[in-house]
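Quick caveat, the model's predicted, so the values are computed rather than measured.
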Amino acid sequence: MTGTTTTPFSAADHKARMERAARAAADAGLAGLLVAPGPDMVWLTGYTPTAVTERLTLLVLAPGQDPVLVVPTLEAPDAEHSVAGEALTLRDWTDGKDPYAVTGELLDGRGRYGISDNTWGMHVLGLQRTLPDSSYAALTDALPMLRAVKDAAEVELLAAAGAAADAAFEEIRKVTFAGRRESDLGRDLAALLRRFGHSQVDFTIVGSGPNGANPHHEVGDRVIQRGDMVVLDFGGLKDGYGSDTTRTVHVGEPTEEERRVHDIVREAQEAGYQAVRPGVACQEVDRAARKVITDAGYGEYFIHRTGHGIGVTTHEPPYMIEGEELPLVPGMCFSVEPGIYLPGRFGVRIEDIVTVTEDGGRRLNNTGREMVTVD
């Protein structure tokens, strides 16, 4: 097995990120950060083992100390040759030794550490057993904004992923919908995402007719019929960064009601986008979109938050939801995706990824948001 580097960034980029993360930990009153293989490790180091097993791999970041990667001896060569290898000190351990004792030597026995959300429970318990006076906080709670503000290069990678998803939509709208199963369209979308450069497809939601009233329906065996509204929500990773877009199409000519509902959602999506600017609380984006739908009499049918962050994963902080008072900052990237879902009938959702600029927002999806009819 070989370790993988899934990042277009340099060792210097990753070194700067690790230093920034260590400073953020200190500012939050933490003794440091402990990061297991997963999106946080990829973002910080560019390295992830090919296979994540029960053997402990853990990045240790602490203010004023060099980053240390605790790694099984058999994986140490791959870690050493990863993109951030020169910025890391490796502390390897062999089978038969206690990896928690090896890690414990690097930690403050009474310290409180932020620990990545996807760290296995057995590893957390092993650390607690070795250092019973230590304590841990989930990284999402302790440093929710660690990856939220993207630099210019990250924004452009997200823009490229968004453009690829847009290209997939422009192609899928040309195919025949009527008489095909949702699963057929889902496979088409996945193939198109890959054709336009995605290395990973995370989801292809195809919700036709009444299935569109379930926001996370994904795909099923229902045969799409003329007269159906069809929600298409799809995305994945391109060059390590995410795409996520939704457009709702109609098979044949829509009814007046269907057009009206689609127009309301389009207006709500525009209102949410127009609310984006530095200093505005995240909840104001949700409020702006939700007000349009509520004022139109469909408030009870908008059943989810307006948006979520995106980066090296397709869902991450920040969240555009009532109660989130965190101010928007240039470089934050997130979805704006209001919807209306009429049980047993149909649903409509329109979604773009948006980044905060110095004076407003920039859409990273640019396909038309008007009603599209398909065959």
Side-chain angles (χ1 to χ4, degrees), residues 3 5 7 9-49 52 55-73 75-76 78-80 82-94 97-149 151 311-312 316-317:
T5 296
T7 172
F9 295 97
S10 69
D13 294 323
H14 290 292
K15 184 175 186 292
R17 287 178 183 177
M18 288 187 282
E19 291 173 348
R20 189 176 103 196
R23 290 195 300 270
D27 291 343
L30 299 171
L33 302 180
L34 307 177
V35 182
D40 291 313
M41 182 175 284
V42 170
W43 184 78
L44 286 163
T45 71
Y47 169 75
T48 187
V52 178
R55 291 186 175 97
L56 178 70
T57 298
L58 199 68
L59 175 67
V60 179
L61 298 178
Q65 299 179 20
D66 291 337
V68 178
L69 184 67
V70 177
V71 62
T73 299
E75 295 175 7
D78 296 328
E80 184 178 5
S82 70
V83 66
E86 64 189 64
L88 294 168
T89 298
L90 299 187
R91 182 71 64 88
D92 66 312
W93 61 275
T94 57
K97 289 189 176 180
D98 183 352
Y100 309 111
V102 172
T103 306
E105 294 174 358
L106 305 170
L107 306 182
D108 176 353
R110 296 181 178 275
R112 181 169 179 78
Y113 289 85
I115 192 164
S116 53
D117 297 7
N118 59 317
T119 307
W120 288 16
M122 64 180 286
H123 297 323
V124 179
L125 294 171
L127 290 169
Q128 289 179 326
R129 184 173 60 250
T130 301
L131 300 174
D133 293 327
S134 63
S135 60
Y136 306 90
L139 205 52
T140 292
D141 295 331
L143 293 176
M145 295 298 108
L146 181 63
R147 303 194 325 251
V149 179
D151 62 27
V312 294
E316 61 185 46

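Of all non-hydrogen atoms in Ala28 and Ala142, the two that sit nearest each other are CB-O, 4.3 Å. Taking every heavy atom of both residues into account, Leu90 and Ala76 meet most closely at CD1-O, 3.6 Å. Between Pro317 and Ala148, the shortest heavy-atom distance links the atoms O-CB, 4.0 Å. Residues Thr45 and Met18 share a closest heavy-atom pair of CG2-SD, 4.0 Å. Residues Pro63 and Ala22 share a closest heavy-atom pair of CG-O, 3.5 Å. Nearest heavy atom pair, residue Ser134 against residue Asp108, reads CB-O, 4.5 Å.
Checked against side-chain contact (heavy atoms from CB on, under 4.5 Å), Pro99 has the following partners two or more places apart in sequence or in another chain: Leu56, Trp93.
Residue-environment remark: CD (Glu86) stays at or below the threshold of 12 foreign heavy atoms within 6.0 Å. Within 6.0 Å of atom CG in Asp117, more than 12 heavy atoms from other residues, nucleotides or ligands are found, so the atom counts as buried in its surroundings.
Side-chain contact check for Leu59 versus Leu44: some heavy-atom pair is nearer than 4.5 Å. When side chains are defined from C-beta on, Arg91 counts as touching Leu106, because their heavy atoms get closer than 4.5 Å. Considering only heavy atoms from C-beta on, Thr103 stays 4.5 Å or farther from Thr130 through its side chain. A heavy-atom distance below 4.5 Å is not found between the side chains of His14 and Tyr47. Looking at Asp13 and Asp151, their side chains never come closer than 4.5 Å, going by heavy atoms from C-beta outward.
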| field | Verdict with reasoning, Gln128 to Tyr136, per side-chain contact (heavy atoms from CB on, under 4.5 Å) | value | CA-CA 9 Å; Gln128 289 179 326; Tyr136 306 90; 3.6 Å; yes
| message | Using side-chain contact (heavy atoms from CB on, under 4.5 Å), reason through Leu139 and Ile115 one step at a time and then give a plain yes or no. | response | CA-CA 5 Å; Leu139 205 52; Ile115 192 164; over 6 Å; no
| Intermediate values then yes/no, side-chain contact (heavy atoms from CB on, under 4.5 Å), Asp92 and Leu69 | CA-CA 8 Å; Asp92 66 312; Leu69 184 67; over 6 Å; no
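Between the Arg55 side chain and the Glu75 main chain, no donor and acceptor come within less than 3.5 Å of each other.
The closest side-chain donor-acceptor pair between Tyr100 and His123 falls under 3.5 angstrom.
Distance CG/Leu107 to CD/Gln65: 9.0 Å, rounded to 0.5 Å. Rounded to the nearest 0.5 Å, atoms NZ (Lys15) and CZ (Arg20) are 14.5 Å apart. Here the straight-line distance linking atom CZ of Arg112 with atom CG of Asp133 works out to 13.5 Å at 0.5 Å rounding.
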All N/O donor-acceptor pairs, side-chain side in residues 29-43, below 3.5 Å, sequence neighbours left out:
from, atom 1, to, atom 2, distance (Å)
Asp40, OD1, Arg147, NH1, 2.4
Trp43, NE1, Glu154, OE2, 2.9

